[in-house]
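Inspection log for the structure reproduced underneath, given as structure tokens.
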Number of protein chains: 2
Amino acid sequence: MTKTSPEAVTAWARLMRVSRQLVERTEDALKANGLPSLAWYDVLHELAEAGEGGLRPFELIDRVLLAQYSVSRLLARLEADGLIEKLPVSDDGRGQTVRITPGGREMRRRIWAIYGASIAELMGDRLSAQELKTLAGLLGRLRAPPAND
Amino acid sequence: MTKTSPEAVTAWARLMRVSRQLVERTEDALKANGLPSLAWYDVLHELAEAGEGGLRPFELIDRVLLAQYSVSRLLARLEADGLIEKLPVSDDGRGQTVRITPGGREMRRRIWAIYGASIAELMGDRLSAQELKTLAGLLGRLRAPPAND
DNA sequence: TCTATATAGATGCAAATGCATTTATACGGA
DNA sequence: TCCGTATAAATGCATTTGCATCTATATAGA
């Protein structure tokens with residue numbers, strides 16, 4: 001590992017600050033519209049992508065980057081709101097399959113109306129398509145390597 | 001506001017995911033070394049920059065991007081640990097000035113040993129100086145405009 | 001001067017989170 | 001088959017957070 005460069009520190013600081021600001025603004029917009037948080041969207045999005053087959057909670061964990069207990073509780077809330085349903089899985093008595101309900105799809109749409117607009121406003125309107133690609137490319141190079149533990 | 005472009009969505013997703021991963025990895029490294037979180041570092045850093053004059057809590061709020069009550073509680077903990085001291089401010093009986101102590105400076109150094117190494121590993125080693133500058137520049141364009149409220 | 005309003009900072013309480021552990025089932029080997 | 005270990009998911013409990021409010025002082029205006 002090389003020494004911490006000023007360029008790395010500046011880029012880091014910007015990344016930390018900007019990501020927090022963007023999340024905060026978006027969460028505020030959702031809240032102002034009486035909608036649940038981004039975490040709910042993420043789960044509903046993954047489940048919508050997964051289709052009728054649904055997903056196992058442990059599959060959701062890597063996709064949404066949350067702790068096991070967070071997913072467990074989030075799913076309990078989503079179920080209580082009728083946005084998802086839990087199904088027993090035949091070949092593994094420990095587990096369950098989680099599937100999005102029509103109500104869940106509707107909620108996902110409603111969140112996206114605000115979330116998508118927020119992305120357009122906060123990113124799309126500030127950088128060109130080319131710049132966005134460059135940004136995504138650079139960020140992609142920062143993705144975590146497999147945790148060595 | 002224009003329509004949400006695929007490029008904007010991809011860049012957004014990367015930004016969200018990468019920033020969370022980097023924070024998580026760094027927080028884990030700090031925890032593994034028995035050190036307090038990044039929020040503590042941020043406050044200690046700002047106070048160290050501010051020098052002997054210290055800062056008012058409300059000044060700290062914009063700098064570290066935390067809620068008023070978060071700063072209030074964070075400062076209480078830092079004071080309890082002897083890392084900062086609160087001084088009454090002569091011309092405003094409501095307020096106080098917060099100043100870093102020698103112990104606070106020492107703690108800042110110890111956190112930086114890990115934090116700086118984390119930045120070097122996670123950013124410095126993955127992108128060139130030129131790429132880091134490009135990244136910082138693009139992120140800078142995403143900084144929040146003054147909240148319109 | 002007196003009153004109304006604004007600002008600085010702290011805090012009570014409910015909800016959310018993190019950690020460790022628990023429960024239940026699966027699997028691999030003696 | 002039985003036992004030890006691994007994995008899926010939930011949960012008890014302590015800590016932390018968010019929201020709203022509170023206290024105290026300042027400031028502007030009648």
Side-chain angles (χ1 to χ4, degrees), chain A residues 20 23-32 34-43 46-47 50 53-81 84-99 147 149, chain B residues 20 23-32 34-40 42-43 46-47 50 53-81 84-99 149:
Chain A
R20 286 209 291 172
V23 168
E24 191 182 351
R25 291 215 148 212
T26 305
E27 293 278 13
D28 285 352
L30 291 175
K31 202 165 296 183
L35 292 170
S37 75
L38 292 178
W40 287 43
Y41 179 84
D42 287 345
V43 168
E46 292 299 334
L47 291 177
L55 285 177
R56 299 284 300 267
F58 72 86
E59 294 177 298
L60 221 32
I61 289 173
D62 346 299
R63 285 177 167 76
V64 301
L65 214 56
L66 289 175
Q68 183 268 324
Y69 61 83
S70 300
V71 169
S72 176
R73 283 166 173 153
L74 186 42
L75 291 176
R77 287 167 204 165
L78 288 165
E79 187 183 31
D81 275 29
I84 64 161
E85 52 190 353
K86 295 179 176 180
L87 311 166
V89 43
S90 55
D91 63 337
D92 187 340
R94 295 167 301 181
Q96 53 190 270
T97 290
V98 181
R99 192 164 62 189
D149 50 21
Chain B
R20 285 209 292 170
V23 168
E24 191 182 352
R25 291 214 148 213
T26 304
E27 294 277 13
D28 285 352
L30 291 174
K31 202 166 294 183
L35 293 169
S37 75
L38 291 177
W40 285 45
D42 287 347
V43 168
E46 292 300 334
L47 292 177
L55 285 177
R56 299 286 299 267
F58 71 86
E59 295 176 298
L60 223 30
I61 289 172
D62 345 299
R63 285 177 168 75
V64 300
L65 213 55
L66 290 175
Q68 183 267 322
Y69 62 82
S70 299
V71 170
S72 176
R73 283 167 173 153
L74 186 41
L75 290 176
R77 288 168 202 167
L78 288 165
E79 187 184 31
D81 275 29
I84 64 160
E85 52 190 352
K86 295 179 176 180
L87 310 166
V89 42
S90 55
D91 63 336
D92 187 341
R94 295 167 302 182
Q96 53 192 274
T97 290
V98 180
R99 192 165 62 187
D149 50 21

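A, B, ... follow the sequence lines: proteins, then strands. Residue 1 opens every chain. These figures come from a predicted structure and were not determined experimentally.
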Output the rounded distance in Å from [atom1] ([X]) to [atom2] ([N]).
X	N	atom1	atom2	result
B:Ile61	C:dA10	CD1	C1'	12 Å
B:Gln96	C:dG9	CD	P	6 Å
B:Leu74	C:dT11	CG	C1'	16 Å
B:Leu66	D:dT16	CG	C1'	13 Å
B:Glu59	C:dT7	CD	C1'	14 Å
B:Leu75	C:dA8	CG	C1'	13 Å
B:Asp62	C:dA8	CG	P	10 Å
B:Leu78	C:dA10	CG	C1'	16 Å

- Message: Between A:Arg56 and A:Gln96 (side chain of the first, backbone of the second, donor and acceptor by atom type, cut-off under 3.5 Å), is there such a pair?
- Response: yes
Where the side chain of [X] is concerned, which of [options] is the nearest nucleotide?
X	options	answer
B:Asp92	D:dA26, D:dG18, D:dA9	D:dA26
A:Tyr69	C:dT17, D:dG18, D:dA9	C:dT17
A:Arg94	C:dT25, C:dT11, D:dT25	C:dT25

- Assign each of A:Asp91 and A:Ala67 to its nearest nucleotide of DNA chain C by heavy atoms, then name whichever residue's nucleotide is nearer the 5' end. A:Ala67
- Rounded to the nearest 0.5 Å, the OG1 atom of B:Thr97 sits from the CD1 atom of B:Ile84 at a distance of 11.5 Å
- So does B:Gln68 reach the base of C:dA10 with its side chain, donor to acceptor, closer than 3.5 Å? yes
- Donor-acceptor pair under 3.5 Å, B:Arg73 side chain vs C:dG9 base: no
So, OP1 or OP2 of [N]: does either fall under 4.0 Å of a side-chain N or O from [X]?
X	N	result
A:Ser70	C:dG18	yes
B:Lys31	C:dC19	yes
B:Lys86	C:dA8	no

- State, yes or no, whether a side-chain contact exists between B:Leu78 and B:Leu75 at a heavy-atom distance under 4.5 Å. yes
- Flag side-chain contact, heavy atom, 4.5 Å: A:Leu30 against A:Ser37: no
- Looking at every strand, decide which applies to A:Arg56 at a 4.0 Å heavy-atom threshold: base, sugar-phosphate, or nothing. sugar-phosphate
- Item | Matching residue for B:Leu66 among B:Asp42, B:Leu74, B:Leu60 - test: side-chain contact (heavy atoms from CB on, under 4.5 Å) | B:Leu74
